[in-house]
K.L.:
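Quick one: structure below, then a few questions.
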Amino acid sequence: MLVSSTSRIAADRSPLASLDPRTKILGAIALMAMSFFVGNLAQGALALAMVFSLLGLGDLSVGRFFRSVVPIVLPLIVVAALNLVVTRSGPVIWSWGFLSVTLDGAATALAYGFRVTLIVCFGATLLATTPAGELADAFARLLSPLRRLGAPVEEWALVFSLALRFVPTLAGEFHAVREAQASRGGTIARGRATQRLRALVALVVPVFAAALRHADNLSLALDSRAWESGGVRTRWHPLRFTGRDAAASAVLVFYAVILTALS
Amino acid sequence: MDGAREGRVPLGRYAARVGRDRLLATLSDVGYSFDGGATWALEGVSLSVGARERLCLMGANGSGKSTLALLLAALRAPDEGTVELKGRVCFAEGVPEPDAYRAARRSTGLVFQDPDDQIVAGMVADDVAFGPENLALDPAEIGRRVERELDRVHALDLAPADPAELSGGQLQRVAIAGAMAMEPALMVFDEASAFLDVRGRSALARVRGRLADVCAQVWVSHAPEDAEEADRLVVLERGRVAFDGPPAELLADAPRMRSLGLEPPFRLRLFEALRSRGWELCPPGSDDELACSIARILAKGGGVSRPVRASRGAKASAPSGDAAVFEARDLGFSYGATPVLAGIDLSVRPGELVAVVGATGSGKSTLARLLAGLAEPSTGVLRFCGADLATRAGRRAASGRIGFVMQRPERQLFAETLAKDVAFGPENLGLPGVEVEARVEGALGRLGIAELADRSPFELSGGQQRLAALAGVLALDPEAWILDEPTAGLDAEAAARVDALITELGAEGRPVILITHAMERAAAADRVVVLADGRVGLAGTPAEVFSHARELEAAGLGLPAPLVFARRLRELGADVGDPLTFEALVDALGEVGCS
């Protein structure tokens, strides 16, 4: 029965999700770094092919994935677009008053925008296929050499995963308190400066109190679950590199070789 | 522990009966203070818990129940007395023994009120594994325990789920599995079902039943039903043990229960009311016993019953000429593409009390936010006194005129003193200083907390905080009220004050929309609206709505206790009709006509 249910969970996971999270973190970093070297159309096509294969292997819905990426990419694209007007070299292809766009500028803006989009996509794929807990575990393992220097790496990992877990909870409480105070006429959106300040206090204090209450309860919960700072603990699913991880690494090396050959 | 101290501290008849070796926890003359000895949250508490024992811990808000629960769960050390857990002395002569506490924590599980705070992982199965991992168990053993405990709480299908997507009831079951996976000898539940709906509560009660042969249990609770199922009841009063004995003893003594700040169980209140009307009854040990005695007396012609028919006693819907305060037509709300509410028709007239009931996730809280003008409807019409709440201008016009009390409103308290907190609303309305003061005084006085005006809201008990938050809304003098579970987690006294306020508001002609899980409260409303999956499942007078028992059950809801009791009487051959409230049931049973 045990085997059936845990393997059922494992079977539900996509090829990408079942990779060791350390492989995914290092792989994502490598892919992000390599994105800086994408400089021509062939390389661009290869990188795009990589993005879409990862989406396929990660069993991610393309539409939903790009919708989640857009809010992060858009401001970066705006920054990239600045290249259009600040680059002065090369033939001018469009001008309006003191603004002029050169061919070099357009090329740089395009390359910047494309690279930034690639980097965000690789990062988002990592986050979409790796639960926060695994991510924290993997970071703890990757940083474990620091433990010899006295750094509480395990604690960092727990704090990181707990912080991620409590973001939605605290956000929910923030909204609830904001609405409750708004229904008492307290809003920071309008009114005299002193009233707005008071409304801000009426919002910040309860949210702060909520954070403290959660922290208090959480410390009780951790104590009652026998979690001890620096204590010996085991893992239900110890991180283990498998053949899949080796295959993934080989694919990455192959990608790097082709990318270089296309330059 | 040396013999001299054992001799000095009496452990009570219970410990003597069970024998020391089978005790999991023994507290002797324990004191606990949050402020270095100025006041005592617990004082002179002696208590022991035996193996496999089911102990219910009750008491008014602020009586020290939760603190005692933490001491039993080895999560806090006292300031005075001795604590022995799992056969080892953990605290004696003012000194805690960290190793003994550590060992005790490993064999004690805790589940508390807020399920959110006890889930540490991003996946259910991983969360259950967290404790066993900390015990440094073998991975195969961890897997066995995860599977076994998720199965025990009937949550195996939730194993791969993200806790953020679960209901409160599901989360509490996961939390129980997580604690049980450490194979504790003692499980402590601190008001674990206070905020669950009917379905969540009954699931939790079933799970606790399955733990009966596995470990000892301590339930901190306000519900007499919990006391009834326990082997032993302990009641705290201002930090001291005021009762320690078999539940049946206290549950048959209504005056004593009330003096301890507890709500007597339904059958005891009924027994009391009937006896005062001349019925010759013996103190009942169960609902069924009381029903049988009543049926017997009625059969002998000893009592006169006046059956309540569905049409009688229930207020007919208000005359349609009266202008509606709230008017919703085909109201809908969606988060992104996910519909939360759809096709809601509702009109609320002055002075009407409308109860909104429904299981967790049925859209009750969203409806409350819409009616309070805090969210923009996605579809349909919503008006408050003519103001169109679908527009920003309309919501602004209604601002300050609709009193909104969110779930656990004590969480919105922020100021240095209670008076300043209550003044926040009136000040925002731009009222002159004298008027603000008068409103603050009036609101605090009306809720009976005037003497707390200069205290910090953060040092009050949970019940006092709730009343303080209500005072903050009352000071706005709103024309209409929307309350989301205003009595959840309150003791009998504080809950009675809140109920009294709601009745008064109605008498003043202010409409009240009450969101509740308590069917008895809904039964006392003028109208009941049942939400199921974001739509109005049933709506009408309480008599109409509660005649649809099957539909209510499908929506995860129950029936009011008086109605359940009346149906049992009918099965026993005594027809008293369909009374929905306690008073209606007593009236229906009538006076005994014998001399």
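Residue numbering restarts at 1 for every chain, and letters A, B, ... go by the order of the sequence lines.
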K.L.:
Donor-acceptor pair, Ser399(B) side chain versus Gly185(A) backbone, under 3.5 Å?
P.N.:
no

K.L.:
Between Leu135(B), Asn134(B), Ile402(B), which shows the greatest number of heavy-atom pairs under 4.5 Å with chain A?
P.N.:
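Among Leu135(B), Asn134(B), Ile402(B), the one with the most close pairs to chain A is Asn134(B).
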
K.L.:
So which part of Phe112(B) gets closer than 4.5 Å to some heavy atom of chain A, the side chain, the backbone, both or neither?
P.N.:
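Only the side chain of Phe112(B) comes within 4.5 Å of chain A.
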
K.L.:
Looking at Asn428(B), is its backbone amide N or carbonyl O close enough to the side chain of Arg198(A) to form a donor-acceptor pair, meaning the two atoms are under 3.5 Å apart?
P.N.:
no

K.L.:
Between Thr108(B), Leu429(B), Asp116(B), which residue shows the highest count of heavy-atom pairs closer than 4.5 Å to chain A?
P.N.:
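Option with the greatest count: Asp116(B).
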
K.L.:
Check for a donor-acceptor pair, side chain of Glu133(B) on one end and backbone N or O of Trp236(A) on the other, with a separation under 3.5 Å.
P.N.:
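Present.
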
K.L.:
Where does Arg165(A) contact chain B at under 4.5 Å (heavy atoms): side chain, backbone, both or neither?
P.N.:
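Only the side chain of Arg165(A) comes within 4.5 Å of chain B.
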
K.L.:
Which answer fits Leu150(B), side chain, backbone, both or neither, if we ask what part of it has an atom under 4.5 Å from a heavy atom of chain A?
P.N.:
neither

K.L.:
So for Phe208(A), is it side chain, backbone, both, or neither that comes closer than 4.5 Å to the heavy atoms of chain B?
P.N.:
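For Phe208(A), there is no contact with chain B at all, as no heavy atom is under 4.5 Å.
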
K.L.:
Taking Gln412(B) for the side chain and Pro206(A) for the main chain, is one N or O donor matched with an acceptor at less than 3.5 Å?
P.N.:
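No; zero donor-acceptor contacts below 3.5 Å.
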
K.L.:
Measure distances from Arg213(A) to the heavy atoms of chain B and classify the residue's part below 4.5 Å as side chain, backbone, both or neither.
P.N.:
both

K.L.:
I'd like to know if the side chain of Arg369(B) and the backbone of Ala176(A) have a donor-acceptor N/O pair within less than 3.5 Å.
P.N.:
no

K.L.:
For Glu134(A), which atoms come within 4.5 Å of any heavy atom of chain B: side chain, backbone, both, or neither?
P.N.:
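Neither the backbone nor the side chain of Glu134(A) comes within 4.5 Å of chain B.
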
K.L.:
Side chain, backbone, both or neither: which part of Leu413(B) has a non-hydrogen atom closer than 4.5 Å to chain A?
P.N.:
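For Leu413(B), the backbone is the part near chain A, not the side chain.
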
K.L.:
Would you say Phe414(B) and Leu203(A) make side-chain contact, with heavy atoms under 4.5 Å?
P.N.:
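The answer is no, as the side chains (C-beta and beyond) never meet within the 4.5 Å cut-off.
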
K.L.:
For the interface with chain A, which of Met406(B), Arg411(B), Met182(B), Glu427(B) has the highest count of heavy-atom pairs at distances below 4.5 Å?
P.N.:
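Of the options given, most contacts go to Arg411(B).
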
